[in-house]
Amino acid sequence: MPAPTAARSARQRSNSEWAIETLIRMLGVSTIGIVAIIFLFLLTEGVPAFFQVPLDNLFGSRWYPTSDLFGALPLLLGSLLVTLVAMLIAFPLGVMTAVFVREVAPNWARELLKPMIEVLAGIPSVVLGFFGMILLAPVVRTSLGAPTGLTALTGALVLAYMALPTIISVAEDALDAVPRSYRDAGLAMGATQWQTIWRVVVPAARSGILMALMLGMGRAIGETMAVMMVTGNAARMPLGLDAILRPVRTMTATIAAEMGEVASGSTHYHVLFGVALILFVLVMAITLASASVMFRRRERGGLR
Amino acid sequence: MPHPARRMLLLLACALLLLAAGCTSPQSSAPVPATPAVAVNIQNKGSDTIVNLALAWVEAYTAIHPEVSISVTGGGSGTGIAAMINGTVDIANASREIKAEEYEAARANGIEPVEFVVAQDAIAVVVHPENPVTELTLQQISDIYTGKITNWQQVGGEDRPIVLLSRESNSGTYVYFLENVVRMGEESDLLLSPDTLLMPSSEGIGAEVRQNRNAIGYDGLGYVTPAEKMLAIAREPGEPYVLPSSTSVNDGSYPIARPLYMYTAGEPSGALADYMAWVLGEGQQQVDDLGFVPLP
């Protein structure tokens, strides 16, 4: 059919553009859809646990799933303890590293450090777990006088190492977004470089740095393999001052260790999904908190 | 410009296509029906205690019968039996008897588990080689694992805390140890102390016992390495302390020994029946080599 070529190609272009747009939109929506499906799946498999097991058993302190004792409290507290200690170690270290890489290091050092930090993020967790089990655990036992090297602290150290790359790169992005004029103004006022960094640049980037903490925490609480290898997996209540030098059992390690064994549809099976549900909600809460920090920042006018 | 309705329709079609793809893929990847023509493939899974023995059997058997291929994986007795219930394996290895509810679950899926005792295993209680303690009674081991005894001094050792090591609760060894050592074969609700470290593997227990002088662990005799020290065990305080070995298991003097099982999905036939017969006959030669105890 003879038609004006210009008009036809324009129509073709608009058609292909529409197709691409649709595809992108679908992919975007499907990501959210998959999260929703996972949540729905966890709900249907996990909620029966809250009906099949009396709540005082489910939130009791004894986790002996093969003897019908499903006290998930030690697991919850174990996860929280390991994650919090990991953050206490990783957050200052990560922010300091980000400050160094962004503000202090000369150009050549920055170009060397950034890829190395990215390599850090790529180390498989099972390798780190092995490293923790063989090298770190004996050090913790002999130098800190713990009865065994497989402790909450060992787990926290490995997790801190794993969360570092996330914290460093997010914090570094936040520092990067602080306008050059802030630094110039600080220096022009007679502040030293250190005073400028500590009193001007870091406070200006604080919401981004807070987000780094949140994302690092999300990374730490969900980690499984390394934690399973180094924390000893004893489902004891991590209370008291010595809890950090005693073994703990985290929610993730419990799910990983026990899910392969359970008969599908049994109470134990549903309880494991219930634990996964608690974990999911926790991670969701952390992520939402970090998102709200980010949105608040936008509303305030773009300054990180 | 495309009409909005047409756009919606296309979007819907795409979504449907995606959904259809998602729905059909599990079916197309479903297990291919066994073709008994040339090569026979037997799936064998379960107890980590048995996995090395099962591998040795497969190696020896396929050397004589190259037409049969058998794949062996571990994971724990519960894992193997669960796989049999779900119909994905032909043989489940277990270091404990099948539970009543597992049996019922299998029957509900149309699978009748058939039990074979294929070897015996002694459970060794191990400590660090430099630990001066060499012998314990069953009662002492029970008290240690329930947390009643927490220092080696209380059983004649050094002034050190005791670190308890155990396998994960999906392990048949764990179940056997809990019922026959901690509860000493009696009906009770005794449980392992919450301070017990649950190790995901035999190697995890071995590694910790080798490097930690506070540790006590237990594992199948076949898994004890020379770098760990086995304890001699007495049934009652007055009775002789006995180290685990083939002899002491067969004459019944070592108190913690158990049968090892294979469960087939239904009465075995064809190649599977030949293999099981071989395991119970000639296969017993391999049992001793791996530190297990052959059937009497």
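In what follows, chains are A, B, ... by sequence order, proteins preceding strands, each numbered from 1.
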Side chain, backbone, both or neither: which part of A:Leu69 has a non-hydrogen atom closer than 4.5 Å to chain B? side chain
Rounding to 0.5 Å, atoms CE (B:Met199) and CE (A:Met229) come to a distance of 10.0 Å
Enter the distance from B:Thr196:OG1 to A:Arg249:CZ here, rounded to the nearest 0.5 Å. 11.0 Å
Closest non-hydrogen atoms of A:Thr66 and B:Ser169, given as atom of the first, atom of the second and distance, are CG2-O, 3.7 Å
Using a cut-off of 6.0 Å, state whether more than 12 heavy atoms not belonging to B:Tyr103 lie near its atom OH. yes
Contact part of A:Pro65 toward chain B, heavy-atom cut-off under 4.5 Å: side chain, backbone, both or neither? side chain
Name the region of B:Glu208, side chain, backbone, both or neither, that has any atom closer than 4.5 Å to a heavy atom of chain A. side chain
Find the one option among A:Gly232, A:Pro138, A:Ala137 whose heavy-atom pairs under 4.5 Å with chain B are most numerous. A:Gly232
Which atoms of B:Ser77 come close to chain A, meaning under 4.5 Å heavy atom to heavy atom: side chain ones, backbone ones, both, or neither? neither
Does a side-chain heavy-atom distance below 4.5 Å link B:Pro194 with A:Tyr64? yes
The interface call for A:Arg246 against chain B, heavy-atom contacts under 4.5 Å, is neither
More than 12 heavy atoms of other residues, nucleotides or ligands under 6.0 Å from OH of B:Tyr223: yes or no? yes
Where A:Ala257 and B:Glu168 come nearest, the two heavy atoms and their spacing: CB-OE2, 3.4 Å
Around atom CZ of B:Arg183, are there more than 12 heavy atoms from other residues, nucleotides or ligands closer than 6.0 Å? yes
Which bit of A:Pro247 comes within less than 4.5 Å of chain B, counting heavy atoms only: side chain, backbone, both or neither? side chain
Heavy-atom pair count under 4.5 Å with chain A, highest-scoring of B:Leu192, B:Val175, B:Ile85, B:Asp189: B:Leu192
Nearest 0.5 Å, what's the OG-CG distance between A:Ser67 and B:Leu191? 4.5 Å
Nearest 0.5 Å, what's the OG1-CG distance between A:Thr231 and B:Leu197? 8.5 Å
Most heavy-atom pairs under 4.5 angstrom with chain A, which of B:Asn212, B:Asn86, B:Leu164, B:Val163? B:Asn212
Donor-acceptor pair, A:Arg141 side chain versus B:Gln211 backbone, under 3.5 Å? yes
Nearest heavy-atom contact between A:Pro147 and B:Asn214 is O-ND2, 2.7 Å
Donor-acceptor check, side chain of A:Asn233 to backbone of B:Leu198, threshold 3.5 angstrom: yes or no? yes
Can you tell me how far the CD atom of A:Glu258 sits from the OG1 atom of B:Thr79, to the nearest 0.5 Å? 11.0 Å
